[in-house]
Amino acid sequence: MDDNVMRALQKVMAEQADRPFGDVESQSGRTLQPFSVASQQGATNLLSKASRALDDGDLNRAKAFIDRAVRLPYDHHELAAPAARAAHMELFCLVTDTLEECEPGDSRWLDAALVVLSTADDAAGFDLRDVLMAIDQDYELSSRERSRIRSAVAPIPKRAELRDLELSAAELGDQVMSILVACRAYRSRVDVPM
């Protein structure tokens, strides 16, 4: 690290420590992080089991796993329900991993996403729109891919991200189920193992 940057960082840290309550906020964040990681892993594990139950055609078992994930305590460190974060990340990673595995010029990842977007219900549609907008912003895409994304998401109204919505447990469970169903549809479209 550059010496100037290091000195500037040390100065900021010293100023923070010299304020009332010192560096309580940064210490608090370090204290809460293991709980965030544990709750996120728990939600991810439960949603993986729900996905497998969906693959087996066992909707009741899938709902039971989703209900357990939704009941995990709100994560005050990440400011989100673990199930909301886990569901979004499942869809996000599925699409981005597929994109990264495609050769340049291979738009199967996008073809599948746009088919799923056109058939998904509102809950999954909003989340998939968020995923595609993040990809449009963060990835190197062809101008055609960017144009296709922007055209597809234009009619979808803006909405807060799932993690920021104030939902009842039942509403969050419905949203999570919708996203898992969309993930399943996406996998089947791009031949990703279930």
Side-chain angles (χ1 to χ4, degrees), residues 1-2 5 9 29 33 36-52 54-55 66 69 75 77-165 167 172 174-194:
M1 184 179 282
D2 184 290
V5 173
L9 180 61
Q33 184 180 20
S36 291
V37 170
S39 64
Q40 189 63 40
Q41 288 174 340
T44 299
N45 182 38
L46 289 166
L47 296 188
S48 292
K49 291 177 180 181
S51 291
R52 286 194 299 274
L54 284 174
D55 293 343
I66 291 170
D75 184 341
H77 182 252
E78 293 294 334
L79 302 176
R85 289 187 62 226
H88 173 76
M89 289 310 298
E90 172 71 21
L91 182 59
F92 180 83
C93 291
L94 177 61
V95 177
T96 57
D97 288 352
T98 305
L99 162 62
E100 291 168 3
E101 290 169 7
C102 286
E103 296 294 326
D106 181 356
S107 293
R108 281 180 305 131
W109 71 272
L110 180 56
D111 297 339
L114 297 183
V115 169
V116 172
L117 185 65
S118 70
T119 59
D121 64 14
D122 286 345
F126 284 123
D127 213 66
L128 186 51
R129 178 185 60 77
D130 292 345
V131 168
L132 291 172
M133 292 304 295
I135 289 171
D136 183 41
Q137 178 179 327
D138 297 338
Y139 280 79
E140 286 189 37
L141 304 174
S142 70
S143 58
R144 176 157 164 63
E145 288 171 329
R146 288 190 194 287
S147 176
R148 291 177 67 202
I149 288 173
R150 292 173 186 170
S151 294
V153 301
I156 302 172
K158 296 203 184 283
R159 181 194 85 168
E161 291 182 17
L162 178 59
R163 66 178 286 140
D164 296 326
L165 297 177
L167 302 171
L172 178 56
D174 290 345
Q175 298 269 323
V176 168
M177 176 65 82
S178 178
I179 292 168
L180 294 183
V181 167
C183 287
R184 189 168 194 284
Y186 186 84
R187 283 187 193 95
S188 71
R189 282 264 172 213
V190 292
D191 298 323
V192 174
M194 300 269 182

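Because the structure is a prediction, the values reported are computed rather than measured. The basis for the numbers below is simple: all heavy atoms, side chains too, and nothing from hydrogens, waters or symmetry mates.
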* Asked: Between Asp174 and Leu167, does a side-chain contact (heavy atoms from CB on, under 4.5 Å) hold up when you go through it step by step?
  -> CA-CA 10 Å; Asp174 290 345; Leu167 302 171; over 6 Å; no
Minimal non-hydrogen separation, [X] against [Y], with atom names:
{"X": "Leu162", "Y": "Asp127", "value": "CB-OD1, 4.0 Å"}
{"X": "Arg159", "Y": "Gln175", "value": "NH1-OE1, 3.3 Å"}
{"X": "Ser51", "Y": "Leu180", "value": "OG-CD2, 3.7 Å"}
{"X": "Phe92", "Y": "Ala134", "value": "CE1-CB, 4.0 Å"}
{"X": "Ala182", "Y": "Ala124", "value": "CB-CB, 3.7 Å"}
{"X": "Ala83", "Y": "Ala69", "value": "CB-O, 3.6 Å"}

* Asked: Would one find more than 12 heavy atoms of other residues, nucleotides or ligands at under 6.0 Å from atom CD of Glu140?
  ->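 Open: at most 12 neighbouring heavy atoms sit under 6.0 Å from CD of Glu140.
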About how many Å separate [atom2] of [Y] and [atom1] of [X], when rounded to the nearest 0.5 Å?
{"X": "Arg52", "Y": "Arg184", "atom1": "CZ", "atom2": "CZ", "result": "13.5 Å"}
{"X": "Met177", "Y": "Leu172", "atom1": "CE", "atom2": "CG", "result": "12.0 Å"}
{"X": "Ile149", "Y": "Tyr139", "atom1": "CD1", "atom2": "OH", "result": "11.5 Å"}
{"X": "Thr96", "Y": "Glu101", "atom1": "OG1", "atom2": "CD", "result": "9.5 Å"}
{"X": "Arg85", "Y": "Glu90", "atom1": "CZ", "atom2": "CD", "result": "14.0 Å"}
{"X": "Leu128", "Y": "Ser118", "atom1": "CG", "atom2": "OG", "result": "10.0 Å"}

State, with a plain yes or no, whether a side-chain heavy atom of [X] is found less than 4.5 Å away from one of [Y].
{"X": "Leu141", "Y": "Leu99", "answer": "yes"}
{"X": "Val131", "Y": "Leu94", "answer": "no"}
{"X": "His88", "Y": "Ile179", "answer": "no"}

Review item, side-chain donor-acceptor pairs of residues 107-117, under 3.5 Å, at least two apart:
residue, atom, partner, partner atom, Å
Ser107, OG, Glu145, OE2, 2.9
Arg108, NE, Asp106, OD1, 3.3
Arg108, NE, Asp106, OD2, 3.1
Arg108, NH2, Asp106, OD2, 3.3
Trp109, NE1, Glu145, OE2, 3.3
Asp111, OD1, Arg148, NH1, 2.9
Asp111, OD1, Arg148, NH2, 2.8

* **Residue pair Leu47, Ile66: steps toward the side-chain contact (heavy atoms from CB on, under 4.5 Å) verdict** => CA-CA 6 Å; Leu47 296 188; Ile66 291 170; 4.0 Å; yes
* **Residue pair Asp97, Glu100: steps toward the side-chain contact (heavy atoms from CB on, under 4.5 Å) verdict** => CA-CA 5 Å; Asp97 288 352; Glu100 291 168 3; 4.2 Å; yes
